Amino acid sequence: MNTNSKSIRTAISQAIEQLANKDSYSQMIHTHSVNCQMPSTKRLRQVVSLCREIVFPGYFGDIDITPESVLFHSGVNIEKLADLISDEIYAGLCFTAEDDLDVETLKTKAEEITASFISQLPELRRLLKGDVVAMYNGDPAALSTSEVIFAYPAIKAISNYRIAHALHLLNVPIIPRVISEMAHSETGIDIHPEASIGEQFAIDHGTGVVIGATCIIGNNVKLYQGVTLGAKSFPLDEEGNPIKGIPRHPIIEDNVIIYAQATILGRVTIGHDTTIGGNVWITKDVPPHSVYTQKNEK
């Protein structure tokens, strides 16, 4: 194709002029300060991959690991992880910093956050080990915990969530959301990094699961595909804008099972030791030790 033709050159010139107009990009531009870079989705995928290699040695990556070599390979991977994630945390801090940012202060803060995150890796493994066991025990089709770790999309989504949530608690901007959305794209499971999820969490099948930002989920909870733990409404301020940061998603107490396509909306509480049937719509509290099915909606 001849891009030098008169019609194409005219179209290019017009597009450049229109797209360079300040009114066009005023709400769409992200200006970069000196010595600050954007977070890299490519590098964040490497961060997640390294975390998985460290937590689940021998399942991911291109190397063979034996019990005798775990110490060496863990050391190599943790060193790589620290370098990568420190740079990305710094980029995240730059992303939301004011115009008068202090680069050295942000770099120091990124290093401190990195140290805190690395120190949490043993706890990350403990939590994910519990999630794997919960998945295995709750799925008769699972032949081994190894199968769960290597093949189940829910473990990929939950591991991304656990990584992202740890970073969120360390007040890292933007990076947790990017990591959670990577899992969303990969698995179809959407877990907001701000959600609070207890131990031994299981998602069976998983496609279409949505867990909102202010959800609180207890221990030993199991969800099936298509479950939505969402918000019922968005209160508006005096100017008609959504009010941010208020609790608006469900509380799921311990030992709850929620079956496929159930929708639970608003700041309601599902009491402990309860079973929620499939294809129900819940906008009110459900007491402990309940069995809630479609007949409850009539």
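Please read these numbers as outputs of a predicted model, since none were measured by experiment.
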Donor on one side chain, acceptor on other, R52 and N77, under 3.5 Å: no

Residue of the set I217, D190, I189 for which side chain to side chain contact (heavy atoms under 4.5 Å, CB included) holds with I211: I217

Please list, one pair per line, the donor and acceptor atoms closer than 3.5 Å that link side chains of residues 191-199 to other protein atoms, with sequence neighbours excluded.
unit_1, atom_1, unit_2, atom_2, d
H192, ND1, E194, N, 3.1
H192, NE2, R177, NH1, 3.2
E199, OE1, R126, NH1, 3.3
E199, OE2, R126, NH2, 2.9

Validation row: I282, T263 side chains within 4.5 angstrom (heavy atoms): no

Short side-chain to backbone donor-acceptor contact, T274 and G271, under 3.5 Å: yes

Spacing of CD1 belonging to I174 relative to NE2 belonging to H168, to within rounding of 0.5 Å: 13.0 Å

Non-hydrogen side-chain atoms of L106 and C94 separated by less than 4.5 Å: yes

Side chains of T275 and Y259, donor plus acceptor under 3.5 Å: no

Co-membership, hydrophobic cluster, residues F117 and L44, 4.5 Å side-chain: yes

Side chain to side chain contact (heavy atoms under 4.5 Å, CB included) between E253 and N219, worked out: CA-CA 7 Å; E253 294 185 344; N219 298 324; over 6 Å; no

Heavy-atom side-chain contact between F95 and P39 under 4.5 Å: yes

Chi angles and distances behind the side-chain hydrogen bond (donor to acceptor under 3.5 Å, both in side chains) call for T114, Y90: CA-CA 10 Å; T114 298; Y90 170 67; over 6 Å; no

S24 side-chain N/O to A20 backbone N/O, donor-acceptor pair under 3.5 Å: no

Side-chain donor or acceptor of E53 paired with backbone N/O of G58 under 3.5 Å: no

L169 reachable from V47 in the ILVMFWY side-chain graph, under 4.5 Å edges: no

Reported OG1-to-CD distance for the pair T41 and Q46, which is rounded to 0.5 angstrom: 10.0 Å

Point-to-point distance, once rounded to the nearest 0.5 Å, from CG of L50 to CD1 of I78: 10.0 Å

Steps toward side chain to side chain contact (heavy atoms under 4.5 Å, CB included) verdict (F201, L127): CA-CA 9 Å; F201 180 54; L127 288 170; over 6 Å; no

Gap separating the CD1 atom of I216 from the CD1 atom of I252, nearest 0.5 angstrom: 10.0 Å

Neighbour count above 12 (heavy atom, 6.0 Å) for E79 CD: no

Minimum heavy-atom distance between Y152 and A141, given as atom pair plus value: OH-C, 4.2 Å

I258 and I264, any side-chain heavy atoms less than 4.5 Å apart: yes

From Y161 atom OH to I179 atom CD1, the distance as rounded to the nearest 0.5 Å: 13.0 Å

Check: L143 main-chain N/O paired with E147 side-chain donor or acceptor under 3.5 Å: yes

Common cluster, I163/Y59, ILVMFWY with side-chain heavy-atom separation under 4.5 Å: yes

Side-chain donor-acceptor pairs of residues 66-74 under 3.5 Å, sequence neighbours excluded:
unit_1, atom_1, unit_2, atom_2, d
T66, OG1, E68, N, 3.4
T66, OG1, E68, OE1, 3.2
T66, OG1, S69, N, 3.3
T66, OG1, S69, OG, 3.3
S69, OG, T66, N, 2.9
S69, OG, T66, O, 3.1
S74, OG, V70, O, 2.8

Considering all heavy atoms, the nearest A262-G277 contact: CB-O, 3.7 Å

Side-chain donor or acceptor of R267 paired with backbone N/O of H249 under 3.5 Å: yes

Side-chain heavy atoms of M135 within contact of K222, under 4.5 Å: no

Chi angles and distances behind the side chain to side chain contact (heavy atoms under 4.5 Å, CB included) call for R45, V48: CA-CA 5 Å; R45 288 190 181 93; V48 171; 5.8 Å; no

Heavy-atom closest contact (Y25 atom, L19 atom, distance): CD2-O, 3.6 Å

Under 3.5 Å side-chain donor-acceptor pair for D102 and T105: yes

Check: L84 main-chain N/O paired with D87 side-chain donor or acceptor under 3.5 Å: no

Residue pair V286 / V268, side-chain heavy-atom distance below 4.5 Å: no

Donor-acceptor contact present, side-chain R125 to main-chain I54, <3.5 Å: yes

Donor-acceptor side-chain pairing of N255 and N220 below 3.5 angstrom: yes

Verdict with supporting geometry, S180 and N160, side chain to side chain contact (heavy atoms under 4.5 Å, CB included): CA-CA 6 Å; S180 66; N160 277 45; 5.9 Å; no

Smallest separation among heavy atoms of L128 and S159, with atom names: CD2-CA, 3.6 Å

Verify same cluster id: L93, M38 (apolar side-chain graph, 4.5 Å): yes

D131 to I158 - nearest heavy-atom pair and separation: OD2-CG2, 3.3 Å

Any Q261 side-chain heavy atom under 4.5 Å of V227 side chain: no

Atom pair NZ (K109) and OG (S86), whose distance is rounded to the nearest 0.5 Å: 13.5 Å

For the student: nearest non-hydrogen atoms of Y292 and K284, plus distance: OH-CE, 4.3 Å

Single-linkage hydrophobic cluster, 4.5 Å side-chain cutoff, V172 and L124 together: yes

Side-chain heavy-atom pair T10, I12 within 4.5 angstrom cut-off: no

